[in-house]
There are 2 protein chains.
Amino acid sequence: MARKSRRDSIIESAAELFAAKGFRATTVRDIAERAGILSGSLYAHIATKEDLYLEIVRRASHDFTQRLNPIVSSQSRPGDKLQWMIAAHLAVIEESRAWARVYLDDDSELSADTRREAQRLRRDYERLWDQVFSEGIEAGVFDVQDESVTRLFVLSALNGIIGWYRPDGRLSHEELAQTFFRLTLRVLGGNKGPDSQC
Amino acid sequence: MARKSRRDSIIESAAELFAAKGFRATTVRDIAERAGILSGSLYAHIATKEDLYLEIVRRASHDFTQRLNPIVSSQSRPGDKLQWMIAAHLAVIEESRAWARVYLDDDSELSADTRREAQRLRRDYERLWDQVFSEGIEAGVFDVQDESVTRLFVLSALNGIIGWYRPDGRLSHEELAQTFFRLTLRVLGGNKGPDSQC
DNA sequence: CCTACCGATCGGTAGG
DNA sequence: CCTACCGATCGGTAGG
């Protein structure tokens, strides 16, 4: 099993608090307390509170991206890729809820530099979705009129999940992924299969 | 023309700052400065900073709701209602960008009471959308398998607009409303008209 | 609406 | 990793 350094547990504590209360409303004293040390001791492991935020966003970004990369670069059909991507997205949210929340939320309370880096990382992740959308459109399996608005529509719905998904909800994450996939396929005009009622 | 009290201009200033920097990152000194007074003088017009936030959310909620109410209670077909609702939603966002942003964003940095009231107001607004969704489903013009997930999917996409919409963008808000309507109709399985390629 | 100020709390540091 | 503390800033108030 993975060794968990004190630094890791500080970052973990910060992730949970940032996710629950936001960046500004979380104090370094809150973070230290949850990690079991005093606030002054925090600075033996981190440089600033903003660095802590960036570290969380970087790790979450890595998680999401690593999960999607093999799917995107596989030889599957765009529709199948999409189905697995949605399942993967939901899996990360389920496994790393707090991290995902900090990552997916565009926090306007940070310094311009920090915010920019977080936005860049989110954009990299969104590009993976874009790629598959474009692939499907070019292959003619998705029927899209305005690619850019469609993309924003789908990604908003996708990112919105973090706001309402509860692991103990009515649907398992597999069922939710399936339903979400069906809806996304409709938006993309790709439901020409047995689901279509033509 | 409408008379604008000092109180109104304080609330307006707060709305713009909350929208741009978030609640915690905005100080009462920022708000006072933008309104052209000193921070101490603020409290002749407001009780607390949180009250200011609530006032903004209440006014925005009123704006959105007033715009949708006549559409929802009209005798139009569900599909037509939906089209007008989307146009109205976009119109409020265009006309009252800052207010809309404060209203639509679930800010985790507030006290539990304040947050609860804001959530209640947002839920009231979402209920108007729910109504029309249900209407269309019952009338058989929308083809929905999981009403609750479909609802969350569409509302996430809808609320996501505030995050990326720029009034000076490629599309006018009428064009955007039209495109958005088409996509929403797809999600709801209601595009059985000439748009369908069956 | 201003002057003058409050107690509390903030992120972060020095020295051990 | 703790003790002890810093300068800055916060939301809000008293008295005019």
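Chain letters run A, B, ... following the sequence lines, proteins first, then strands; residues in each count from 1.
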- Item | Distance-minimising heavy-atom pair for A:S76 and A:K81 | O-CE, 3.4 Å

- Task: List in numerical order all residues of residues 39-47 of chain B for which some heavy atom is under 4.0 Å away from an atom belonging to DNA chain D.
- Result: B:G40, B:Y43

- Could you tell me whether the side chain of A:E50 and the main chain of A:S111 form a donor-acceptor pair under 3.5 Å? yes

- Any residue meeting ring pair (Phe, Tyr, Trp, His ring centres under 6.0 Å) with A:F64, in chain and number order, not counting sequence neighbours: A:H89, A:Y103, A:Y125

- Item | Which residues share a ring pair (Phe, Tyr, Trp, His ring centres under 6.0 Å) with B:F23, sequence neighbours left out | B:F18, B:Y53

- Item | B:E147 and B:S134: side chain donor to acceptor below 3.5 Å | yes

- Side-chain contact, heavy-atom cut-off 4.5 Å: A:D8 with A:R59? yes

- Query: Hey, are B:R127 and B:D130 close enough for a salt bridge, meaning a charged N less than 4.0 Å from a carboxylate O?
  - Reply: no

- Item | Boundaries of the chain A footprint along DNA chain C (any atom under 4.0 Å from a heavy atom) | C:dC10 to C:dT13

- Message: Quick one: does any side-chain atom of A:R34 pair with a main-chain N or O of A:A14 as donor and acceptor, under 3.5 Å?
- Response: no

- Message: Expected output is a numbered-order residue list: members of residues 21-36 of chain A with a heavy atom under 4.0 Å from any atom of DNA chain D. What is it?
- Response: none

- Task: Please report the shortest heavy-atom distance between B:L104 and B:R122, naming the atom on each side.
- Result: O-CD, 3.9 Å

- For DNA chain D, the expected dot-bracket line (Watson-Crick or G-U under 3.5 Å, [ ] crossing, | inter-strand) is ||||||||||||||||

- Query: Less than 4.5 Å apart, any side-chain heavy atom of A:I10 and any of A:I37?
  - Reply: yes

- Are the side chains of B:T150 and A:R186 in touch, meaning some heavy atoms are under 4.5 Å apart? no

- Does A:D30 reach the main-chain N or O of A:T27 with its side chain, forming a donor-acceptor pair under 3.5 Å? yes

